[in-house]
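These notes are about the structure you will find just below.
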Amino acid sequence: QTLSQTEEERRKQEQRAAGEESENASCLQKCRESVQSMQNAVQGYEFRLKSRQTRLQKAEEQERALLLEAQDTARRAKMLEDLERNLEGFAHSVKAVMQASSRGMLRGIHGPVSRLLKVPGQYSQAVETALGAAMQNIVTETEQDAKSAIGHLKRTGGGRATFLPIPTIKGRRLTEQ
């Protein structure tokens, strides 16, 4: 082979190599851009994941707090129901009359005044203070029902109670002056 042929082949090889190098550089650049794009996407997903994990953690904490509050409220409600059922806070005589009434031994007993009143929460303390011991007065349907209850208290040694037969109660109107 001649020197010129060899040189010609070498130049062609150089041109092919330069073309391949250019093609490879272009491919490498596309790969780098693709990798960068994927890394950006991964970072975006990681950010969203972290954000959602934070929201999940806050929601779980809120759920635990609400669950504890609900359990506490249920316990308090049960305790208040038990107190109400056992007539806690009432005098022995009032308990005796109410228990006899619930067993059917006394008729015409409506209950203590405190159980018959419905007062908005913001006024309850004022009404309790105004009524005082009268909150335990027992409302009856008739005078005879009150007398029967008094007789029951005497027979059983239940103590004393104040009865308010509906027909004998006389109300007064308050007028602004």
### Query
Where do L68 and Q71 land on the side chain to side chain contact (heavy atoms under 4.5 Å, CB included) test, with the steps shown first?
CA-CA 5 Å; L68 288 174; Q71 290 170 342; 3.8 Å; yes
#### Entry: Derivation and outcome, salt bridge (charged side-chain N to carboxylate O under 4.0 Å, His left out), residues E46 and K50
CA-CA 6 Å; E46 286 173 346; K50 192 178 240 181; over 6 Å; no
#### Entry: Steps toward side chain to side chain contact (heavy atoms under 4.5 Å, CB included) verdict (N137, F163)
CA-CA 6 Å; N137 292 354; F163 293 91; over 6 Å; no
### Message
Working note: E61 + K58, criterion salt bridge (charged side-chain N to carboxylate O under 4.0 Å, His left out); need CA distance, chi angles, decisive distance, verdict.
### Response
CA-CA 5 Å; E61 288 171 7; K58 286 179 183 177; over 6 Å; no
### Query
Hey, mind stepping through H110 and I166 against side chain to side chain contact (heavy atoms under 4.5 Å, CB included) and telling me if it holds?
CA-CA 10 Å; H110 290 288; I166 293 174; 3.6 Å; yes
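We find the NZ-NZ distance between K154 and K147 to be 11.0 Å, quoted to the nearest 0.5 Å. Atoms CZ and OG, from R55 and S51 in turn, are 5.0 Å apart once rounded to the nearest 0.5 Å. One distance of note links CZ of R11 with OG1 of T6; it measures 11.0 Å at 0.5 Å rounding.
Taking all atoms of both residues into account, the shortest heavy-atom contact from H152 to A100 is NE2-CB, 3.5 Å. Taking all atoms of both residues into account, the shortest heavy-atom contact from L106 to S148 is CD2-O, 3.7 Å. Residues M98 and L87 share a closest heavy-atom pair of CB-CD1, 3.6 Å. Contact detail for T140 and P165: the closest heavy-atom pair is OG1-CA, 3.2 Å. Looking at every heavy atom in both residues, G121 comes nearest to S124 through O-OG, 3.0 Å.
In this structure, K30 does not pair ionically with E33, as no charged nitrogen and carboxylate oxygen lie closer than 4.0 Å. With salt bridges taken as basic N to acidic carboxylate O contacts below 4.0 Å, none links E20 and R16.
There is a path of hydrophobic side-chain contacts, each under 4.5 Å, that joins L131 to L116.
Put simply, the side chain of S101 never gets that close to the backbone of V97: no donor and acceptor are under 3.5 Å apart. Side-chain atoms of S93 come within 3.5 Å of backbone atoms of R160 as a donor-acceptor pair (strictly under, hydrogens ignored). Listed for the Q136 side chain is a donor-acceptor partner under 3.5 Å among the backbone atoms of G89.
With hydrogens and angles left out, the side-chain atoms of T142 and D145 include a donor and acceptor closer than 3.5 Å.
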